[in-house]
Amino acid sequence: MKKKASSLPIGVFDSGIGGLTVAHAISKLMPNETIIYFGDTAHLPYGDKSPDLIHSFVKNISKFLIRKEKCKSVVIACNTASAISYEFLRDKHVGNVPIFNVIDPIVEAISEDKQITKVGLIATKTTVESRVYQEKLKRRNPDLKIEVLATPLLAPMIEEGFSQDKISNTVIENYLSNPKFKGIDALILGCTHYVLIADEINEFFQGKVQLFDSTDILALKLKDIFENENMLSEKKRQENKFYVSDLTKGFEDSASRFYGQSLKLVLKKLKD
Ligand code: DGL
């Protein structure tokens with residue numbers, strides 16, 4: 001039996017504001033859908049936290065999104081949380097709604113492109129050390145060469161507003177000129193923040209390396225699934241909401257930059 005089309009919102013969360021790049025892509029592609037965003041700014045960065053701690057954060061957030069905000073599905077718009085907690089949430093989450101991660105759509109897109117024989121990955125330390133990208137890619141294509149590099153300076157640099165300047169150029173060049181990336185056909189931007197420096201990365205590789213990030217690929221995948229499952233909203237969107245667990249002037253200033261248009265953050269502290 002087909003499910004009834006639902007005008008309930010889509011929950012999207014990240015350790016902070018980086019996931020707003022994903023929320024924006026979803027919102028742009030599916031104009032009827034209402035987004036409830038949660039940025040766990042009180043606990044960021046997730047990229048250097050232990051798996052147990054990340055599990056406890058994401059459990060609380062999804063409880064809030066599913067039980068309180070009645071979301072019809074939840075998108076983990078964070079590579080680190082997707083790498084560590086996707087299976088945990090999918091198998092033990094608090095409601096019966098589909099959970100999506102940002103890693104699988106990228107893995108799928110790369111595996112389907114037979115021109116790609118060597119791929120690079122830049123991401124947080126936790127994402128790299130989890131080996132989730134490496135294992136999922138190898139499972140689909142055992143011949144694929146994969147080179148990974150933790151790039152922990154990039155997320156704070158982007159959050160502080162450094163892009164298209166001397167500092168960002170130096171940091172990007174320093175990381176990407178690593179010899180392991182010689183001859184790559186594609187590079188995975190394995191952190192939701194990196195979308196904001198995609199142009200600079202593209203310039204570094206002189207447009208010769210295909211970049212994969214978790215915005216449009218994820219949004220298209222979601223739309224596809226929602227269409228098949230009859231989950232798309234047929235009604236006009238309600239107002240999107242953007243919650244954060246800690247609200248500072250800095251977050252407010254950069255949130256609109258990440259979302260690509262001005263937005264208002266609302267402070268929401270979750271009980272443990
Ligand atoms: N947004 C996170 C990600 O995609 C990076 C920031 C963090 O370490 O919390 O991995």
Side-chain angles (χ1 to χ4, degrees), residues 11-26 37-62 74-86 88-89 99-107 120-134 136 148-163 168 171-172 175 187-198 201 211-219 242-246 248 250-251 254-255 257-260 265 270:
V12 179
F13 78 85
D14 177 38
S15 58
I17 47 183
L20 286 168
T21 56
V22 182
H24 185 251
I26 297 172
Y37 184 85
F38 192 94
D40 198 8
T41 46
H43 297 128
L44 68 77
Y46 281 5
D48 58 10
K49 301 282 187 309
S50 70
D52 278 354
L53 202 56
I54 298 176
H55 284 342
S56 70
F57 297 153
V58 304
K59 199 169 125 203
N60 273 347
I61 297 168
S62 39
V74 170
V75 176
I76 312 174
C78 172
N79 284 265
T80 310
S82 292
I84 300 301
S85 298
Y86 168 60
F88 168 82
L89 267 194
I99 308 279
F100 297 93
N101 69 75
V102 283
I103 295 177
D104 288 339
I106 296 183
V107 167
L121 163 72
I122 52 171
T124 63
K125 280 183 192 161
T126 309
T127 301
V128 165
E129 283 162 14
S130 74
R131 299 194 44 82
V132 169
Y133 268 107
Q134 296 94 307
K136 286 189 169 178
V148 302
L149 186 69
T151 48
L153 285 182
L154 291 183
M157 176 193 90
I158 296 164
E159 222 152 272
E160 287 300 320
F162 293 103
S163 68
S168 63
V171 176
I172 291 169
Y175 279 138
L187 181 73
I188 301 169
L189 310 188
C191 170
T192 47
H193 283 61
Y194 302 172
V195 180
L196 269 73
I197 52 164
I201 295 178
L211 304 183
F212 286 84
D213 68 56
S214 32
T215 56
D216 295 342
I217 297 178
L218 179 283
F242 301 93
Y243 294 109
V244 283
S245 50
D246 187 29
T248 64
F251 291 139
S254 22
R257 205 157 35 84
F258 277 81
Y259 195 64
L265 296 177
L270 301 182

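Counting starts at 1 for both ligands and their atoms, following the listed order.
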Name the residue from Leu211, Ile172, Ile188, Leu154 that meets the side chain to side chain contact (heavy atoms under 4.5 Å, CB included) definition with Tyr194.
Leu154
Mind jotting down which protein residues get a heavy-atom contact under 4.0 Å with ligand 1? Chain and number order, please.
Asp14, Ser15, Pro45, Tyr46, Gly47, Cys78, Asn79, Thr80, Thr124, Cys191, Thr192, His193
First locate atom OH of Tyr243, then atom CG of Asp40, and finally report the distance between them rounded to the nearest 0.5 Å.
15.0 Å
Centroid-to-centroid, Tyr259 to Tyr37, below 6.0 Å?
no
When rounded to the nearest 0.5 angstrom, what is the spacing between CZ in Phe251 and OG1 in Thr41?
4.5 Å
Would you please say whether a donor-acceptor pair under 3.5 Å links the side chains of Thr215 and Asp213?
yes
Do any pairs count as a side-chain hydrogen bond (donor to acceptor under 3.5 Å, both in side chains) and have a residue in residues 13-25, sequence neighbours left out, and if so which ones?
none
